[in-house]
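Data block below; observations after.
First the proteins, then the strands, lettered A, B, ... as listed; each starts at 1. FYI, side chains are in, hydrogens and waters are out, and symmetry mates aren't considered; it's all heavy atoms of this structure.
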Amino acid sequence: MEEINELIAQRIKKLEDLRELGIDPFGGSFFADDHAEDLHRKYGDALKESLAADPVGCSLAGRIIAMRDFGKAAFAHIQDTTGKIQVYFKKEFLGEQYTLLKKTDIGDIVGLKGNLFRTKTNELTVEVKEFVLLAKSLRPLPEKWHGLKDIETRYRQRYVDLIVNPDVRKTFIMRSMIIKAIRDFLEAQGFIEVETPMMQPIPGGATARPFRTHHNALDVDLYLRIAPELYLKRLLVGGYERVYELNRNFRNEGISVKHNPEFSMLEFYIAYRDYRFLMSLTEELLSFVAQKTLGALQVPFEDTVIDFTPPWPRITMLDALLQQGVPQEIVTDLEKAKVWAKSQNIDIQDKISLGRLLDEIFKEKVEPLLVQPTFIIDHPVELSPLAKRKSDNPALTERFELFIASREIANAFSELNDPMEQKQRFMEQVEAKLKGDEEAHFMDEDFVRALEYGMPPAAGEGIGIDRLVMLLTNSPSIRDVILFPQLKPEQ
RNA sequence: GGGCCGUUAGCUCAGCUGGUAGAGCAGCUGACUCUUAAUCAGCGGGUCGCAGGUUCGAAUCCUGCACGGCUCACCA
């Protein structure tokens, strides 16, 4: 990392020159009153003559991102958190300070005061009366025209990506707005936000491989949570009726455009309601978020437009399969299903259960077609060890998954609150684990004990925040919506 | 983990069948008081991802490795 090239050496030289002149290259505080976009908004329409007759003073702080030098005058663009504005340095007005300009580089952070005026080309510009260097930049920025394109550098040095790519800054502002809109919606519905352990002795609530760590003082192994579910349901036992948690989960699995080892998940639980209620609530929530952050229910994504206008179709998993030409006879017959799957070139393991096999077929035949928001409901019980059975068909559960743009965005169900059955389902998972299923759930005795005190009937849902942000910002990769995505270390 | 592709100046990229490495921007010096990819003149800047191999000679061909991208597998 100790690369000293000519460009950096030149900047260090300028820094030393400044120190000799008694100027601190990492100057003190500078409280600017204005931001670039505010000035454009307030004075974008102001006439040249009125700005000249009635001077408007302003102060700005930001980074120099372009410079056009004329010897005794210079134009530059200053970028702050809101945007950029042109500034004009003139020797005649700056006197001594003009020498400082000669030691200033693109990338330096400066504070300045001056008056607004319009140039010959009518661009709103600040005529600088005084300026200070707030931070000398020792590294050259990427080129002004092509910017920074190298994907690896963009992720590893996100700070540079953010400096030079305004769209990236915008994406993460959108992310913040989306999360705020979700919180606003849930708070308005009477939910409280809670924080449950990220380090758990028993990782539960999802089908996934956990990260393991160790606490020295207690001398116990702990797992980074794969989901907060079992803790949130303990809170329902405790008497809260509406809780949510919006925070990180960790899964020790592959990395792809849709997977990062740590990712953000919203989970919320509501007592005395069921999964049908949650479908309507989900329609309200996501259309609220789209409207609030994009101002529309139609959202461009890749080569299509996603329409969030409710209601969204609700199709049972089995109907969805049948509609895509899966023969009726195989949905209840494992052996026939295996034969059919093979005839369709679907790769399956030999020991697979019927439920999982149907899930595989679903992923292959149905998922790619679910572009507009669609609820897939009533999954087989073996896929859903924490969900309540349907009263009229105990092989199925009161569950839904929401698909948008062929991705799973939400997963929800009426919660199983029968402690005996929950214990039985855990036992089945433990058996599967013993047989080598690394993702089967762990037995959680304390969770069963909690249920034994009585958990009200309830519905719960998880929404993948990163994938939602991808949808709403039209981002092709999860790495485009996570500020510092996981990469292998350099060197 | 498999397959395919990529890695050349600070950045964006050329570099053909192997013959000692190029452009634009950025930088430096000089000129220039309304430019906005400013302009004009001149100059500097490279472990061609790393390590081997083939060859008289490798950025270029071969092998291995590293990192990244896409994709398949895995994975809600």
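Under a 3.5 Å cut-off, the side chain of A/Thr171 and the backbone N or O of A/Asp167 do form a donor-acceptor pair. When atom types are taken as modelled, the side chain of A/Glu461 and the backbone of A/Ala410 share no donor-acceptor pair closer than 3.5 angstrom.
For B/A66 and B/A21, the P atoms lie 30 Å apart once the distance is rounded to whole Å. Taking the P atom of each, B/G57 and B/G22 are spaced 22 Å apart, rounded to whole Å. Atom name P, nucleotides B/A59 and B/U20: the rounded distance is 10 Å, in whole Å. Taking atom C1' on both B/A26 and B/G10, the two are 7 Å apart, rounded to the nearest angstrom. Spacing between B/C61 and B/G24 at atom P, rounded to whole Å, works out to 27 Å. Comparing the same atom, P, in B/G15 and in B/U35 gives a spacing of 38 Å after rounding to whole Å. The gap from the C1' atom of B/C50 to that of B/A73 amounts to 29 Å, rounded to the nearest Å. As rounded to the nearest Å, B/U60 and B/G2 have C1' atoms that lie 28 Å from one another.
At a threshold of 4.5 Å between non-hydrogen side-chain atoms, the residues A/Met317 and A/Asp378 do not count as touching.
Under 3.5 Å, the side chain of A/Glu143 and the base of B/G24 form at least one donor-acceptor pair of N or O atoms. A donor-acceptor contact under 3.5 Å links the side chain of A/His259 to the base of B/C75. On a pure distance criterion of 3.5 Å, a polar donor-acceptor pair joins the side chain of A/Gln86 and the base of B/U35.
OP1 and OP2 of B/U12 both lie 4.0 Å or more from every side-chain N or O belonging to A/Lys149. Side-chain N/O atoms of A/Lys14 include one lying less than 4.0 angstrom from OP1 or OP2 on B/C28. Contact between the side-chain N/O atoms of A/Arg68 and the OP1/OP2 oxygens of B/A38 is found at a separation under 4.0 Å.
Backbone-only engagement by A/Ala208 is indicated by non-hydrogen atom pairs under 4.0 Å involving sugar-phosphate atoms exclusively. Base contact: A/Lys90 has a heavy atom under 4.0 Å from a base atom. Contacts of A/Asp69 with the nucleic acid, taken as non-hydrogen atoms under 4.0 Å apart, include base atoms. If you check every strand for non-hydrogen atoms under 4.0 Å, A/Gly464 touches nothing. A/Phe117 comes within 4.0 angstrom of a base, heavy atoms only. Nucleic acid contact class of A/Arg479 (heavy atoms, under 4.0 Å, all strands): sugar-phosphate only. The residue A/Arg11 sits apart from the nucleic acid: no heavy atom pair falls under 4.0 Å. Using a 4.0 Å heavy-atom criterion, one finds that A/Arg156 contacts the sugar-phosphate atoms exclusively. A/Leu487 comes within 4.0 angstrom of the backbone, heavy atoms only, and of no base. Nucleic acid contact for A/Leu7: base, since at least one base atom lies under 4.0 Å from a heavy atom of the residue. A/Val164 comes within 4.0 angstrom of nothing in the nucleic acid, heavy atoms only. Among the heavy atoms of the strands lying under 4.0 Å from A/Glu253 are primed sugar atoms or P, OP1, OP2 only; no base atom is included.
For the pair A/Glu152 CD and B/C70 P, the computed distance is 12 Å after rounding to whole Å. Here the C1' atom of nucleotide B/U12 and the CG atom of A/Asn165 are 13 Å apart, to the nearest Å. With rounding to whole Å, A/Lys363 atom NZ is found 8 Å from B/C74 atom P. Following rounding to the nearest Å, A/Phe75 (CZ) and B/U35 (C1') show an atom-to-atom distance of 5 Å. When rounded to the nearest whole Å, the span between CD1 of A/Ile65 and P of B/A37 equals 12 Å. As rounded to whole Å, 12 Å separates atom P of B/C70 from atom CD1 of A/Ile478. Residue A/Lys144 contributes atom NZ, which lies 17 Å from atom P of B/C13 at whole-angstrom precision. Between A/Asn122 atom CG and B/U35 atom C1' there is a gap of 14 Å when expressed in whole angstrom units.
Distances were taken from every side-chain heavy atom of A/Pro140 (C-beta onward) to each of B/G10, B/U12, B/C34; the shortest belongs to B/G10. The nucleotide whose nearest atom lies closest to any side-chain atom of A/Trp145 is, among B/U33, B/A37, B/U35, B/A37. Here the side chain of A/Tyr88 is nearest to one of B/U33, B/U35, B/C11, namely B/U33. The A/Asp105 side chain lies nearest to B/C28 when the options are B/A26, B/C28, B/U12. When each of B/U33, B/C34, B/A38 is scored by its nearest atom to the side-chain atoms of A/Ala73, the top-ranked nucleotide is B/U33.
Across all strands shown, B/C34 remains unpaired; no Watson-Crick or G-U wobble contact has both distances below 3.5 Å. In this structure, B/G57 forms no base pair with any nucleotide, since neither Watson-Crick nor G-U wobble geometry is met with both distances under 3.5 Å. Nucleotide B/A73 forms a pair with no other nucleotide shown, judged by Watson-Crick or G-U wobble geometry with both contacts under 3.5 Å. When Watson-Crick and G-U wobble pairs are counted only if both distances are under 3.5 Å, B/A23 pairs with B/U12. Pairing partner, B/G68: B/C5, with both Watson-Crick or wobble hydrogen-bond distances short of 3.5 Å. Pair assignment for B/A51: B/U63, on the basis of Watson-Crick or G-U wobble contacts that are both within less than 3.5 Å.
The minimum heavy-atom distance between A/Arg467 and A/Lys258, with the atom names listed, is NH2-O, 3.2 Å.
With A/Arg225 as reference, A/Asn247 is the one residue of A/Ile202, A/Leu230, A/Asn247 to meet the side chain to side chain contact (heavy atoms under 4.5 Å, CB included) rule.
Residues A/Phe362 and A/Phe403 bring their aromatic ring centres within 6.0 Å.
With salt bridges taken as basic N to acidic carboxylate O contacts below 4.0 Å, one links A/Arg175 and A/Asp466.
Along RNA chain B, the nucleotide closest to A/Ala66 and the one closest to A/Leu148 are compared, and the more 5′ of them pairs with A/Leu148.
Using the six-membered ring where Trp is involved, A/Phe117 and A/Tyr88 have ring planes that are tilted, between 30° and 60° apart.
Cation-pi geometry between A/Lys433 and A/Phe442 is met: under 6.0 angstrom from the ring centre, within 45 degrees of the axis.
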